[in-house]
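Computed over heavy atoms, backbone and side chain alike; hydrogens, waters and symmetry mates excluded. Reminder, nothing fancy here: chain letters follow the sequence lines and each chain counts from 1. The model shown is predicted, which means the values in this text are computed figures rather than measured ones.
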Amino acid sequence: MKPVYGLIDANSFYCSCERVFQPRLRLLPVVVLSNNDGCAIARTTEAKALGIKMGDPWHLIRKRPELAAVEWFSSNYALYGDMSRRMYQVLAERVPRVEPYSIDEMFLDLTGLPGDLTERCRSLRDDVRRIAKIPTCIGWGPTKTIAKLANGIAKDNPDLGGVCDLTDPAIRDSYYAALPVGEVWGIGSKSATKLEKAGYRTIQDFIDAPVPEVRGLLTVVGERTQAELRGVSCLPFVDAPADRKSIACTRSFGRPITAWHEMREAIATYATRAAEKLRQQGLQAGHIAVFLHTNPHAKGEPWHSGQKAAQIEPTNDTMVLITQAVRMLKPVWRDGYRYAKAGVMLSNLEPAVERPKQLFFSLSDSQSKLLMPAMDAINARYGRNTISPLAIGIARPWSARSRRLSRQFTTKLEDVLAAQAW
DNA sequence: TCTGGGGTCCTAGGACCC
DNA sequence: TCTGGGGTCCTAGGACCC
């Protein structure tokens with residue numbers, strides 16, 4: 001049976017999440033900003049129409065007079081993550097196999113489903129809208145790459161009613177001839193430029209290019225994309241998420257850090273957060289890396305960046321990871337610079353199982369086995385950092401800005417909307 | 001004048017994605 | 001004053017080994 005891959009993707013997902021609980025935002029231009037209120041990372045149609053681009057630095061563009069009425073929000077990941085879960089729920093109850101791809105996108109296995117696919121996808125879309133309150137588009141075809149393309153076409157052509165079927169090769173060809181190769185999933189700006197220089201401008205040009213040449217320009221990755229566009233499925237449906245390979249916590253600061261004790265706090269904070277993520281996923285890390293750097297955009301300001309990494313005895317203990325991270329940080333820190341960002345990255349991940357290791361173990365090993373779960377339980381119940389190592393500081397004046405954060409409408413009891421009827 | 005071949009593992013860097 | 005964060009995969013090159 002020929003496979004049919006579908007891709008459902010939320011429209012302006014973060015903005016749509018904000019609109020669910022603030023109906024006044026309907027029809028208004030809305031943007032959601034990245035961490036630290038830095039860049040625009042989600043825009044509604046109305047905001048796009050005003051010329052706001054993905055990744056535009058907000059502090060630079062907000063001064064434009066025509067943007068005065070734009071509603072903007074800091075990222076509220078607790079809300080978006082929960083809305084994503086609801087979206088998944090609706091789909092999982094209606095489609096045999098759903099593969100989450102990102103926070104706002106899911107692949108659907110539509111192979112062999114009875115009835116008219118267009119009707120089915122329309123009603124899926126309606127259900128997500130009605131139950132999870134999120135507007136979406138759905139595209140489908142014989143490969144994941146084609147499904148992605150179909151989804152993009154549905155987004156760009158409102159007259160299609162939010163769905164696009166690229167099963168028919170003749171219909172595909174008409175789009176292939178008209179669309180630039182950079183529209184394809186997996187062809188980024190660098191690859192698009194390479195292809196254009198070699199004379200391949202449209203998707204059709206790319207498909208017709210000799211395979212060895214594609215391989216030479218874009219390696220096996222490009223070769224695979226080309227095959228997928230030809231209708232040969234190379235990217236299978238994945239039922240279970242693959243094992244994580246790395247976990248990171250990196251942040252820009254709300255203001256530059258110039259003092260060692262603040263940088264130490266920041267790294268300890270990131271190590272703490274990374275360790276929490278490790279334990280949530282039942283993993284431990286055998287490799288840790290830290291980095292810091294000054295502001296790459298500040299012309300004329302002295303630049304410094306540093307990084308250091310090391311293998312460690314596999315652990316997911318917050319205290320151990322803080323100690324290691326700070327130890328790694330010391331040699332890369334230099335006085336006299338204005339640091340803008342730092343981070344902690346953990347890799348060589350493995351399941352956190354009991355295993356015989358060092359010949360000499362300390363008492364703290366067995367203590368932390370009790371302490372970490374207790375800390376996690378308390379913080380899960382009463383909120384992040386209800387209890388935390390003192391190393392992460394108390395006030396954290398360097399932490400990221402988040403000046404217009406909406407409420408945690410769905411995940412925090414105090415933030416739930418109240419309705420009154422009488 | 002002459003200086004092997006083949007394999008593995010690790011890391012850094014680049015490109016991509018959302 | 002203020003320009004994100006978190007992932008994946010691939011390749012090239014070096015170290016090392018026999």
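In this structure, the CZ atom of A/Arg338 is 6 Å from the P atom of C/dC2, given to the nearest Å. Going from atom CD1 of A/Ile41 over to atom P of C/dG4 covers 11 Å, rounded to whole Å. In this structure, A/Gln281 places its CD atom 13 Å from P of C/dG6, rounding to the nearest Å. Remark: C1' of C/dT3 and CH2 of A/Trp58 are 13 Å apart, rounded to the nearest angstrom. Here the C1' atom of nucleotide C/dT3 and the CZ atom of A/Phe253 are 15 Å apart, to the nearest Å. Atom CG in A/Leu349 sits roughly 14 Å away from atom P in C/dG6 (whole-Å rounding). We find that CZ of A/Arg403 is positioned 10 Å from P of C/dT3, with the value rounded to whole Å. If you take CG of A/Leu217 and P of B/dC16, they are 12 Å apart, rounded to a whole angstrom.
Looking at A/Asp9, its side chain never comes within 3.5 Å of a backbone N or O of A/Cys137 through a donor-acceptor pair. Using a distance-only test at 3.5 Å, with no hydrogens or angles considered, a donor-acceptor pair links the side chain of A/Ser74 to the main chain of A/Arg403. Side chain of A/Lys245 to backbone of A/Ser347: no donor-acceptor contact under 3.5 angstrom is found. For the pair A/Asn379 (side chain) and A/Thr386 (backbone), a donor-acceptor distance under 3.5 Å is present.
Residue contacts for A/Ile187: at a heavy-atom cut-off of 4.0 Å it reaches the sugar-phosphate backbone alone, with no base atom in range. Contact annotation for A/Tyr101: backbone-only contact, meaning every heavy-atom pair under 4.0 Å involves sugar-phosphate atoms and none involves a base. Contact annotation for A/Asp37: no contact, since no heavy-atom pair falls under 4.0 Å across all strands. Here A/Val32 lies out of heavy-atom contact (under 4.0 Å) with every strand. Within the 4.0 angstrom heavy-atom criterion, only backbone atoms of the sugar-phosphate kind lie near A/Ile247; the bases stay farther away.
The pair A/Arg86-A/Asp82 meets the salt-bridge criterion, with a side-chain N (NZ, NE, NH1 or NH2) lying under 4.0 Å from an Asp/Glu carboxylate O.
A/Lys148 has a side-chain polar atom (N or O) that falls below the 4.0 Å cut-off from OP1 or OP2 of B/dC18. Distances shorter than 4.0 Å separate some side-chain N or O of A/Lys341 from OP1 or OP2 on C/dG5. Distances shown here put a side-chain N or O of A/Thr250 below 4.0 Å from the OP1 or OP2 atom of C/dG6.
Looking at the side chain of A/Ser246, the nearest of the listed nucleotides C/dG7, C/dC9, C/dG4 is C/dG7. Nearest to the side chain of A/Cys39, among C/dC9, C/dT3, B/dC18, sits C/dT3. Comparing B/dC18, C/dG5, C/dT3 by their closest approach to the side chain of A/Asn35 singles out C/dG5. Side-chain atoms of A/Arg224 lie closest to C/dC9 of the nucleotides C/dT3, C/dG6, C/dC9. Across C/dG4, C/dG6, B/dC18, the shortest atom-to-atom separation from the side chain of A/Glu105 is found for B/dC18.
Taking the side chain as every heavy atom from C-beta outward, A/Arg201 and A/Phe206 never approach each other to under 4.5 Å. Inter-residue side-chain proximity for A/Thr410 and A/Phe21 is flagged as met; some heavy-atom pair is nearer than 4.5 Å.
The 12-atom threshold is exceeded at CZ of A/Arg404, counting heavy atoms of other residues, nucleotides or ligands nearer than 6.0 Å. In A/Lys155, the NZ atom is crowded: over 12 heavy atoms of neighbouring residues, nucleotides or ligands sit closer than 6.0 Å.
A/Tyr101 and A/Trp185 have their aromatic ring centers within a separation under 6.0 angstrom.
C/dC18 and B/dT3 have their P atoms separated by 25 Å, with the value rounded to a whole Å.
Place A/Gly38 and A/Thr219 on DNA chain C by their nearest nucleotides, and A/Gly38 ends up nearer the 5' end. Both A/Asp243 and A/Arg251 sit near DNA chain C, but only A/Arg251 has its closest nucleotide nearer the 5' end.
Ring pair A/Tyr339/A/Tyr337 is tilted by interplanar angle, where 30° to 60° counts as tilted.
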Reading DNA chain C 5' to 3', what string of ( ), [ ], | and . shows its pairs, if Watson-Crick and G-U wobble pairs count only when both distances fall under 3.5 Å? ....||||||||||||||
Can you build the contact string for nucleotides 10-15 of chain B? Use B for base contact, S for sugar-phosphate-only contact, and - for no protein heavy atom under 4.0 Å. -S---S
